[in-house]
There are 2 protein chains.
Amino acid sequence: MSTAEETAGGEAQPWGEVTPDAARRLLLAAVEAFAERGYHATTTRDIAGRAGMSPAALYIHYKTKEELLHRISRIGHEKAVDILRTAARAEGTPAERLADAVSSFVRWHAGGRTTARVVQYELDSLGPGARAEILALRRQVDAEVRGIIEEGVRSGDFDVPDVRGTTLAVLSLCIDVARWFNVDGPRTPEEVGELYADLVLRMVGARGTGAA
Amino acid sequence: MSTAEETAGGEAQPWGEVTPDAARRLLLAAVEAFAERGYHATTTRDIAGRAGMSPAALYIHYKTKEELLHRISRIGHEKAVDILRTAARAEGTPAERLADAVSSFVRWHAGGRTTARVVQYELDSLGPGARAEILALRRQVDAEVRGIIEEGVRSGDFDVPDVRGTTLAVLSLCIDVARWFNVDGPRTPEEVGELYADLVLRMVGARGTGAA
DNA sequence: GGCAAGGGTGAGCGGGCGCTTAGCGCCGGG
DNA sequence: CCCGGCGCTAAGCGCCCGCTCACCCTTGCC
């Protein structure tokens, strides 16, 4: 709520639940570093330095460097599922709910690009156990979007020959925003969210909304 | 042309132009290793080992590990520009050319996922000079696709309110294929190419083709 | 005021990294 | 038959990595 919960990039995040304070600062520093240089190119000394602490301090709160990535990834994926679930369970036509889901999901990827980058692109750096846990959350993400599209097809609002493939494409489009979005670029997260909601409605052949 | 130019994954690549033979084997080994584990997590010992050589052999043909990535990235991007340029300069309606460009670009990302992954996702691991060179090639990629869309808008075949944004979305969709495509999955590169060409034609509001 | 507990530090260990160097075997030309 | 050069290897250098350990300073309870 307050600006104290935002990073320099202006991203409000649900890191408030992470305690104690030093652990949260380390997690935030790790998100920044992983997003900038990638997990493997980031050193524990760099993370600790960004958090204003000595290299050894990291190991008081986290067992390994990988635990940091795991924690970040799980919190991020839970947030993603939450965003999509909220949109999917809302009232309104399938088209309205799909547009809402896409625009808020895109806003999250663009506005919280730092976090989203780590969440979406550093999955392979996790060990087998942690990766399996995250993949389960990803299946939930897929299921929420597919649910909206299936409902639109049943009600006749959408025209989609390949539901699974189209779901994949819609999610892919949203996720890739984290790769190319630039905070200093010409578009705001809100503008990209609107544009993408429009494009997705076209992809599912929605009648009478957005697409002329 | 022959199977000798293909990797175990079955990807035919233009690595034929790379000589001598040992240099090509090292480059191929680097592509595989970078795609599997990422640039920073790959060791020069691993690359040399995959090519069946000692660690020191690498430095006879390449000055640094980064030069390997640079070479791979440039060859890959040149191929990408070539694919899109060929489709853009072909004969036919804008819709036909856009569908062709998307389906062949997607086939390249899916079929040559190993190479495409390195080309699309390891850009940040390059130094400033090399990155600038590659970014110039990326602008050519963008220009080719934008050109087709602009032409379709002028001729009235397409309905696109935001040409730059839609171009970005189309390319983003294609590129992200390299992230999620799985050789052992249910879809062939050709099927994904067709599906995506259809989706893109819907995104640009193409009249009378593909989208019902 | 004594003291246990816990967050923090400085120094450093073992190891693996990118890269170098001295030298070996093979092969074509005189 | 000798030899120069090239492709390659074995060994290893210096560095920095993830992580540990012995110790310190603050805080709250009696």
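In what follows, chains are A, B, ... by sequence order, proteins preceding strands, each numbered from 1.
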Item checked: N-O pairing of Arg138(A) and Asp142(A) below 4.0 Å ->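 Asp142(A) and Arg138(A): not salt-bridged.
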Margin query: Strictly below 4.0 Å, N to O, side chains only: are Asp100(B) and Arg97(B) in salt-bridge contact?
Written below: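 The answer is no: the pair does not qualify as a salt bridge.
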Looking at [X] and [Y], would you say the former's side chain and the latter's main chain have a donor-acceptor pair under 3.5 Å?
| X | Y | answer |
| --- | --- | --- |
| Arg107(B) | Pro189(B) | no |
| Arg45(A) | Pro55(A) | no |
| Tyr39(B) | Glu66(B) | yes |
| Lys65(B) | Thr42(B) | yes |
| Arg71(A) | Leu27(A) | no |
| Ser73(A) | Leu69(A) | no |

Next item on the list: Measure the angle between the two terminal helix axes of the helix from dG1(C)-dC30(D) to dG30(C)-dC1(D), five base pairs each, and quote it to 10°.
Entry: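 Rounded value for the end-axis angle: 10°.
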Donor-acceptor contacts, no H, no angles, side chain residues 80-89 of chain B, under 3.5 Å, sequence neighbours left out:
{"residue": "Arg85(B)", "atom": "NH2", "partner": "Gln140(B)", "partner atom": "OE1", "Å": "3.4"}
{"residue": "Thr86(B)", "atom": "OG1", "partner": "Asp82(B)", "partner atom": "O", "Å": "2.8"}
{"residue": "Arg89(B)", "atom": "NH2", "partner": "Glu144(B)", "partner atom": "OE2", "Å": "3.2"}

Notebook entry, point to check: What does nucleotides 23-28 of chain D look like as a protein-contact string, B for base, S for sugar-phosphate only, - for none, at under 4.0 angstrom between heavy atoms?
Noted result: ------
Next item on the list: On the 0 to 90° scale, with breaks at 30° and 60°, tag the Trp108(A)-Phe105(A) ring pair as parallel, tilted or perpendicular.
Entry: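 Ring orientation of Trp108(A) relative to Phe105(A): parallel.
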Notebook entry, point to check: For DNA chain D, what residues of residues 57-68 of chain A have any heavy atom nearer than 4.0 Å?
Noted result: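 Result for residues 57-68 of chain A: Tyr59(A), Thr64(A), Lys65(A), sorted by number.
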Next item on the list: Under the side-chain contact (heavy atoms from CB on, under 4.5 Å) rule, what do Lys79(B) and Thr115(B) come out as? Steps first, then yes or no, please.
Entry: CA-CA 11 Å; Lys79(B) 180 68 184 167; Thr115(B) 307; over 6 Å; no
Item checked: Residue pair Leu123(B), Arg131(B): steps toward the side-chain contact (heavy atoms from CB on, under 4.5 Å) verdict -> CA-CA 7 Å; Leu123(B) 185 66; Arg131(B) 180 154 65 242; 4.2 Å; yes
Check: Going by number, which of residues 40-51 of chain A have a non-hydrogen atom under 4.0 Å from DNA chain C?
Finding: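 Heavy-atom contacts with DNA chain C come from Arg45(A).
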Next item on the list: Begin from the C-alpha positions of Trp180(A) and Leu171(B) and carry the test side-chain contact (heavy atoms from CB on, under 4.5 Å) through to its verdict.
Entry: CA-CA 11 Å; Trp180(A) 62 260; Leu171(B) 280 173; over 6 Å; no
Note to self: For Val102(B) and Leu98(B): C-alpha separation, side-chain torsions, deciding distance, then whether side-chain contact (heavy atoms from CB on, under 4.5 Å) applies.
What the structure shows: CA-CA 6 Å; Val102(B) 168; Leu98(B) 184 58; 4.3 Å; yes
Checklist line | Start and end of chain B contact along DNA chain C [non-hydrogen atoms, under 4.0 Å] | finding: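 It runs dC17(C) to dT21(C).
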Check: Does CD in Glu194(B) sit with more than 12 non-hydrogen atoms of other residues, nucleotides or ligands closer than 6.0 Å?
Finding: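 Not more than 12 within 6.0 Å, no.
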